[in-house]
Number of protein chains: 2
Amino acid sequence: MNTPPLVQSFVLHFGEMGSRWGINRTVGQIYALLYVSERPINADEIAESLGFSRSNVSMGLKELESWRLVKLQHFPGDRREYFSTPDDVWEIFRTLAEERKKREVEPTLTMLRGAMMERPASDAEKHAQARMKEMYQLIELVTSWFSDIQNLDVETLQRLMKLGSKVTKVLQFTQSLSKMTSRNGGEEA
Amino acid sequence: MNTPPLVQSFVLHFGEMGSRWGINRTVGQIYALLYVSERPINADEIAESLGFSRSNVSMGLKELESWRLVKLQHFPGDRREYFSTPDDVWEIFRTLAEERKKREVEPTLTMLRGAMMERPASDAEKHAQARMKEMYQLIELVTSWFSDIQNLDVETLQRLMKLGSKVTKVLQFTQSLSKMTSRNGGEEA
DNA sequence: CTCAATTTTCAGTAATTTCTGAAAGTTTGA
DNA sequence: TCAAACTTTCAGAAATTACTGAAAATTGAG
């Protein structure tokens with residue numbers, strides 16, 4: 001398969017990036033390829049394009065399916081499965097965030113809650129618990145922001161994306177948040 | 001060193017989490033230990049607590065230093081180096097975000113910009129470029145939000161954290177953003 | 001139902017990453 | 001300047017993770 005150099009570098013880059021995150025190189029490359037592909041492609045095409053064994057591609061696709069990141073479809077008169085990514089980048093991002101939350105954030109919060117419930121047996125434990133509480137609150141705060149952003153409708157997001165680098169708008173929005181919370185004072189919720 | 005079970009599970013959890021991200025288990029555990037520690041601790045104490053070799057701890061600390069995540073200090077009459085984390089969780093988070101941006105986001109944006117500059121030699125390439133542009137815009141948008149949030153002063157953040165789960169406030173803030181951009185219409189910036 | 005097409009599984013191998021002990025390097029107080 | 005105290009480096013061992021080919025399982029057209 002003749003992969004244009006432009007696509008090549010994109011694919012390689014995401015392979016590298018993947019391995020910096022928990023995702024392995026193969027999976028990163030497969031997703032990158034699907035992402036820029038004009039039409040859905042099948043596992044053999046992927047294997048040939050990337051020079052991986054068919055079985056490796058199969059495992060990679062299974063992994064991506066478990067992350068709900070690929071769409072699967074069939075074409076008439078062809079028994080093979082064809083894969084693609086959602087057309088909307090934002091949807092991809094949202095799914096990724098949801099899965100990461102489920103796999104990483106939730107278990108962490110559960111662990112922290114558990115630790116915070118324990119009766120501290122020493123000053124050291126008391127201090128550790130206080131630190132865990134701070135972390136717990138930070139994570140809750142950040143994830144709640146994230147989920148708010150996630151729930152923005154696609155239309156609003158499209159508009160925001162068109163604004164491009166005109167970040168000042170976004171800055172203002174942060175300002176108003178700041179004022180809002182000031183009004184609320186330091187009261188415990 | 002007698003590590004309380006409460007701290008133990010925290011440390012082990014972050015070891016696991018670390019390895020899901022690019023960070024290795026050792027580094028995750030070291031940071032978790034520092035994070036909940038009442039006072040700065042030295043490399044030997046870390047090695048003993050976690051059961052790692054001294055050299056492994058040394059490498060882990062070096063890694064953490066390269067991420068600017070640890071504070072280093074000395075005590076009078078003691079030549080050893082003592083390590084700790086910032087007191088403010090938010091500062092830790094901010095540093096982490098900055099470093100990740102520098103190491104992962106910036107190189108990705110550079111690659112995408114490069115690819116977008118190329119003259120497309122085919123429809124396939126044209127399509128790939130369009131996809132890359134979408135991704136570029138998404139990343140820019142998300143990172144600009146992030147950096148805005150990062151720049152909130154600690155005081156505001158403290159207040160927000162105290163609000164805790166009263167996320168409705170944060171939701172409103174998202175609403176106002178939505179209105180703001182509507183006013184702006186679909187105009188290119 | 002049968003069988004060819006296709007996908008998945010899995011045991012073994014390859015590659016990579018992590019970890020260690022020993023040795024080299026650095027720092028500082030006397 | 002020396003030497004003890006401490007830290008870092010690094011080559012190889014250990015552990016983990018990725019990848020493959022062959023075989024098993026599944027699927028669907030006829």
Side-chain angles (χ1 to χ4, degrees), chain A residues 1 11-12 14-34 40-67 69-84 103-104, chain B residues 1 11-12 14-34 40-67 69-84 103-104:
Chain A
M1 174 139 301
V11 163
L12 292 177
F14 273 85
E16 283 316 306
M17 275 320 176
S19 54
R20 289 217 197 173
W21 290 58
I23 297 129
N24 79 33
R25 204 166 45 85
T26 314
V27 175
Q29 290 193 12
I30 293 173
Y31 204 71
L33 186 66
L34 291 177
I41 51 185
N42 65 47
D44 287 306
E45 290 176 299
I46 296 170
E48 204 206 334
S49 287
L50 303 179
F52 296 137
S53 72
R54 187 48 240 281
S55 60
N56 197 5
V57 170
S58 176
M59 296 202 295
L61 288 169
K62 215 180 124 213
E63 173 79 6
L64 287 170
E65 281 181 278
S66 84
W67 283 83
L69 285 170
V70 286
K71 290 193 299 183
L72 176 51
Q73 65 189 290
H74 286 275
F75 288 104
D78 188 338
R79 278 166 63 176
R80 287 169 296 183
E81 296 184 305
Y82 284 77
F83 298 87
S84 60
R103 294 167 186 229
E104 287 149 24
Chain B
M1 173 142 301
V11 164
L12 291 177
F14 273 86
E16 284 314 307
M17 276 320 175
S19 53
R20 290 217 196 173
W21 289 57
I23 297 131
N24 81 32
R25 205 165 45 86
T26 314
V27 175
Q29 291 193 12
I30 293 173
Y31 205 71
L33 187 66
L34 291 177
I41 52 186
N42 65 47
D44 287 305
E45 290 175 297
I46 296 170
E48 204 206 333
S49 287
L50 303 179
F52 297 137
S53 72
R54 185 52 238 280
S55 59
N56 197 5
V57 170
S58 176
M59 296 202 294
L61 288 169
K62 215 181 125 214
E63 173 78 6
L64 287 170
E65 281 181 279
S66 84
W67 283 82
L69 285 170
V70 286
K71 290 192 300 183
L72 176 52
Q73 65 189 289
H74 286 275
F75 289 104
D78 189 338
R79 278 167 63 176
R80 287 169 296 183
E81 297 185 305
Y82 284 78
F83 299 88
S84 59
R103 292 166 188 231
E104 287 150 24

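Please read all numbers here as calculations on a predicted model, not as lab measurements. Within every chain, numbering begins at 1; the chains are lettered A, B, ... in the order of the sequence lines, protein sequences first and strands thereafter.
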Engineer: Among D/dA18, C/dT6, C/dC19, which nucleotide has an atom closest to any side-chain atom of B/N24?
Structural biologist: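 For B/N24, the side-chain atoms sit closest to C/dC19.
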Engineer: Does atom NZ of A/K62 have more than 12 heavy-atom neighbours, drawn from other residues, nucleotides or ligands, at distances under 6.0 Å?
Structural biologist: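 Not more than 12 within 6.0 Å, no.
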Engineer: Would you mind reading off the distance between B/I30 atom CD1 and D/dT7 atom P, rounded to a whole angstrom?
Structural biologist: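 B/I30 atom CD1 is separated from D/dT7 atom P by 13 Å.
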Engineer: Rounded to whole Å, please give me the gap between CZ in B/R80 and P in C/dT28.
Structural biologist: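 So the two atoms are 15 Å apart, to the nearest Å.
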Engineer: Atom pairs, N/O to N/O, protein against nucleotides 9-12 of chain D, distance under 3.5 Å?
Structural biologist:
residue	atom	partner	partner atom	Å
D/dT9	OP2	B/K62	NZ	3.2

Engineer: Angle between the end axes of the helix from C/dC1-D/dG30 to C/dA30-D/dT1, five pairs per end, to the nearest 10 degrees?
Structural biologist: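 One end's axis against the other's: 30°.
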Engineer: Considering only D/dT7, C/dT7, C/dC19, which nucleotide approaches the side chain of B/D44 most closely?
Structural biologist: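 So the side chain of B/D44 is nearest to D/dT7.
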Engineer: For A/E45 and C/dT6, what is the distance between atoms CD and P respectively, to the nearest whole Å?
Structural biologist: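 Value for this atom pair: 12 Å.
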Engineer: In whole angstrom, give the distance that lies between atom CG of B/L72 and atom C1' of D/dC6.
Structural biologist: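 These atoms are roughly 13 Å apart.
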Engineer: Distance from A/R25 atom CZ to A/E16 atom CD, nearest 0.5 Å?
Structural biologist: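 The CD atom of A/E16 is 7.0 Å from CZ of A/R25, to the nearest 0.5 Å.
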Engineer: When you check the phosphate oxygens OP1 and OP2 of D/dT7, does a side-chain N or O of B/R54 lie under 4.0 Å from one of them?
Structural biologist: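 For D/dT7, OP1 or OP2 has a side-chain N or O of B/R54 closer than 4.0 Å.
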Engineer: Measuring from the side chain of A/E81 (C-beta onward, heavy atoms only), which nucleotide among C/dT7, D/dA18, D/dC6 has the closest atom?
Structural biologist: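 Among C/dT7, D/dA18, D/dC6, the one nearest the side chain of A/E81 is C/dT7.
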Engineer: Report yes if some heavy atom in the side chain of A/I41 is under 4.5 Å from a heavy atom in the side chain of A/F83; otherwise report no.
Structural biologist: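 A/I41 does not reach A/F83 side chain to side chain.
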Engineer: Please write out each protein N/O paired with an N/O of nucleotides 27-30 of chain D under 3.5 Å, distance rounded to 0.1 Å.
Structural biologist:
residue	atom	partner	partner atom	Å
D/dT27	O2	A/R79	NH2	2.4

Engineer: Return the value, rounded to whole Å, for the distance between atom CD of A/E63 and atom P of D/dA18.
Structural biologist: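 Atom CD in A/E63 sits about 9 Å away from atom P in D/dA18.
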Engineer: Can you give me the closest heavy-atom contact between A/D44 and A/R54, atom names plus distance?
Structural biologist: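 Minimum heavy-atom separation between A/D44 and A/R54: OD1-CD, 3.4 Å.
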Engineer: Mapping B/D78 and A/R25 to their closest nucleotides on DNA chain D, which lands nearer the 5' end?
Structural biologist: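 Its nearest nucleotide being more 5', the pick is B/D78.
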Engineer: Would you sort out whether B/L61 and B/I46 count as a side chain to side chain contact (heavy atoms under 4.5 Å, CB included), showing the intermediate values?
Structural biologist: CA-CA 10 Å; B/L61 288 169; B/I46 296 170; 4.1 Å; yes
Engineer: For DNA chain D, whose closest nucleotide is more 5', that of B/S19 or that of A/N56?
Structural biologist: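 Taking each residue's closest nucleotide, the earlier one in sequence belongs to B/S19.
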Engineer: Starting at CD of A/E65 and ending at P of C/dT9, how long is that distance when rounded to a whole Å?
Structural biologist: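 To the nearest whole Å, that distance equals 11 Å.
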Engineer: Expressed in angstrom and rounded to an integer, what is the separation of B/N42 atom CG from D/dC6 atom P?
Structural biologist: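 After rounding, the gap between these two atoms is 9 Å.
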Engineer: Figure out the CG/C1' separation between B/L64 and D/dT8, and round it to whole Å.
Structural biologist: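 Result: 16 Å.
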